[in-house]
Amino acid sequence: MPELPEVETTRRGIAPHIQGKRIRDIVVRNSSLRWPVPVAELQSLQRCQITSVERRGKYLLLSTSKGTVIIHLGMSGSLRIAKADEPPMAHDHVDLTLSDGAMLRYTDPRRFGCWLFTSEDPYDHELLNELGPEPLNDEFDLEYLYQASRGRKVAVKQFIMNSHVVVGVGNIYANEALFLAGIHPKRAAGKISRQRYERLVPAIKEVLGQAIEQGGTTLKDFVGGDGKPGYFKQSLNVYGRGGEPCVTCDRPLKEIRMGQRTTVFCKFCQT
DNA sequence: ATAATCACCTGCTCGC
DNA sequence: TGCGAGCAGGTGATTA
């Protein structure tokens, strides 16, 4: 489900309901996520106050004085606020209940996501410490991306989807950003000119920023922490539109596979 | 170091 | 209606 805009939408949806509140309990019904869920460590957070709800890339960080819970939604995960007495459904793997009777519930049918714990600085955690810049921050700029691309033979689409290069650009928004920038997804990253990166960097910022403003993209059943769907789907130019007319030139969009991911582009507008 | 492929898992759609 | 194939928003691990 989630790329950066969906994770940010989730963060904004849940933060007002959990930040500053005290953890009552953490109930793990299925600890078999991407990595085993450290149940005992998480439960040691009972009675701790949640001091901050941050996002780094597609990771969510719930911090307390004793340590930080690191959550990733994988492909099919979601978090939402519910009443603590709501009966769990089949894929509701983790509940974090709060002292005021609210509950943060984690649902993930495919179980590609994770719930981890660290007592150290979470930004030093091995999953986070080598991540590239946040795409919406100023440090993600033309100079950075252009220099990072030099000598790279990988296709530009896979290059911008690499979290060590820049975080948060998943399959949907990679397709969309390359369309906006007029760049063919299979071009080698290292052979694209500075002038073209000058279009790509703002395209990435634009597509992610717009998606956040519209509450993310709801493809199947994504809902933010407040239970509302995202409205970005109506803004997609290429993703999910293979064979349909290009919004610019009206000719049919091409759909191919790149690294087991569906790739959609206009072979006339993207060169 | 970089690039390509595999693996993890459930659910849904499609074609026969 | 049933069944296998293929696909789905991610990304670390493994292999060249």
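Computed over heavy atoms, backbone and side chain alike; hydrogens, waters and symmetry mates excluded.
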**Prompt:** Which whole-number value in Å describes the distance from N171(A) CG to dT11(C) P?
**Reply:** 11 Å
**Listed partners of D100(A) passing salt bridge (charged side-chain N to carboxylate O under 4.0 Å, His left out), at least two apart** = K21(A)
**Asked** Other than I256(A), what residues sit in its cluster of Ile, Leu, Val, Met, Phe, Trp and Tyr side chains whose heavy atoms are under 4.5 Å apart, directly or through others?
**Response** M258(A), F265(A)
**Summary of side-chain hydrogen bond (donor to acceptor under 3.5 Å, both in side chains) pairs that have at least one residue in residues 241-252 of chain A, sequence neighbours excluded** = R241(A)-E244(A)
**Request:** Between dG12(C) and dG11(B), how far apart are the C1' atoms? Round to whole Å, please.
**Result:** 23 Å
**Item:** Residues that K66(A) engages under salt bridge (charged side-chain N to carboxylate O under 4.0 Å, His left out), provided they are two or more places apart
**Value:** none
**Prompt:** Expressed in angstrom and rounded to an integer, what is the separation of F159(A) atom CZ from dT11(C) atom C1'?
**Reply:** 17 Å
**Message:** Suppose the criterion is side-chain hydrogen bond (donor to acceptor under 3.5 Å, both in side chains): which pairs have a residue in residues 180-195 of chain A, not counting sequence neighbours?
**Reply:** E143(A)-R194(A)
Return a table of donor-acceptor pairs under 3.5 angstrom between the side chains of residues 27-35 of chain A and protein atoms on other chains or two or more places apart.
{"unit_1": "R29(A)", "atom_1": "NH1", "unit_2": "D92(A)", "atom_2": "O", "d": "2.6"}
{"unit_1": "R29(A)", "atom_1": "NH2", "unit_2": "D95(A)", "atom_2": "OD2", "d": "2.3"}
{"unit_1": "N30(A)", "atom_1": "OD1", "unit_2": "S32(A)", "atom_2": "N", "d": "2.9"}
{"unit_1": "S32(A)", "atom_1": "OG", "unit_2": "R111(A)", "atom_2": "NH1", "d": "3.3"}

**Message:** Just to verify, what does E41(A) make a salt bridge (charged side-chain N to carboxylate O under 4.0 Å, His left out) with, not counting sequence neighbours?
**Reply:** none
**Message:** Would you say Y173(A) places a side-chain N or O within less than 4.0 Å of OP1 or OP2 belonging to dG10(C)?
**Reply:** no
**Message:** Using a 4.0 Å heavy-atom cut-off to protein, can you give one letter per nucleotide of nucleotides 4-10 of chain B, 5' to 3': B if the base is in contact, S if only the sugar-phosphate is, - if neither?
**Reply:** SSB-BBB
**Asked** To the nearest angstrom, how far is N162(A) atom CG from dA3(B) atom C1'?
**Response** 11 Å
**Complete:** Whole-Å distance, D108(A) CG to dT11(C) P, equals 13 Å
**Message:** Show me the pairs that pass ring pair (Phe, Tyr, Trp, His ring centres under 6.0 Å) and involve residues 126-148 of chain A, at least two apart or across chains.
**Reply:** none
Extract from the structure each pairing of a protein N or O with an N or O of nucleotides 3-6 of chain C at less than 3.5 Å, listing the distance.
none

**Request:** With C1' as the reference atom in both, quote the distance from dA3(B) to dG9(C) in angstrom, rounded to an integer.
**Result:** 23 Å
**Prompt:** So which nucleotide from dG12(C), dT2(B), dG9(C) ends up closest to the side chain of R152(A)?
**Reply:** dT2(B)
**Message:** In the structure I gave you, are the side-chain heavy atoms of Q210(A) and S235(A) within less than 4.5 Å of one another anywhere?
**Reply:** no
**Message:** For the P atoms, the ones on dC9(B) and on dT14(C), what distance do you get once it is rounded to whole angstrom?
**Reply:** 15 Å
**Complete:** dist L62(A):CG -> I23(A):CD1 (nearest 0.5 Å) comes out at 7.5 Å
**Prompt:** In dot-bracket, 5' to 3', how would DNA chain B read with Watson-Crick or G-U wobble pairs under 3.5 Å, [ ] for crossing ones and | for pairs to another strand?
**Reply:** .|||||||.|||||||
**Asked** Is any side-chain N or O of Y239(A) closer than 4.0 Å to OP1 or OP2 of dG9(C)?
**Response** yes
**Fill in**
From CD1 of I70(A) across to C1' of dG12(C) the rounded distance in Å is 15 Å
**Partners passing salt bridge (charged side-chain N to carboxylate O under 4.0 Å, His left out) against R12(A) (at least two apart in sequence or in another chain)** = E8(A)
**Prompt:** In Å and rounded to the nearest 0.5 Å, what is the CG to CD1 distance from L96(A) to I50(A)?
**Reply:** 5.0 Å
**Request:** In whole angstrom, give the distance that lies between atom CZ of R55(A) and atom P of dG10(C).
**Result:** 14 Å
**Message:** Side chain of R261(A) only, heavy atoms from C-beta on: which candidate in dT2(B), dG12(C), dG10(C) is closest?
**Reply:** dG10(C)
**Prompt:** Could you state the NZ-P distance from K58(A) to dT11(C), rounded to the nearest angstrom?
**Reply:** 4 Å
**Asked** Just how far, in rounded Å, is C1' of dA13(C) from CG of L127(A)?
**Response** 13 Å
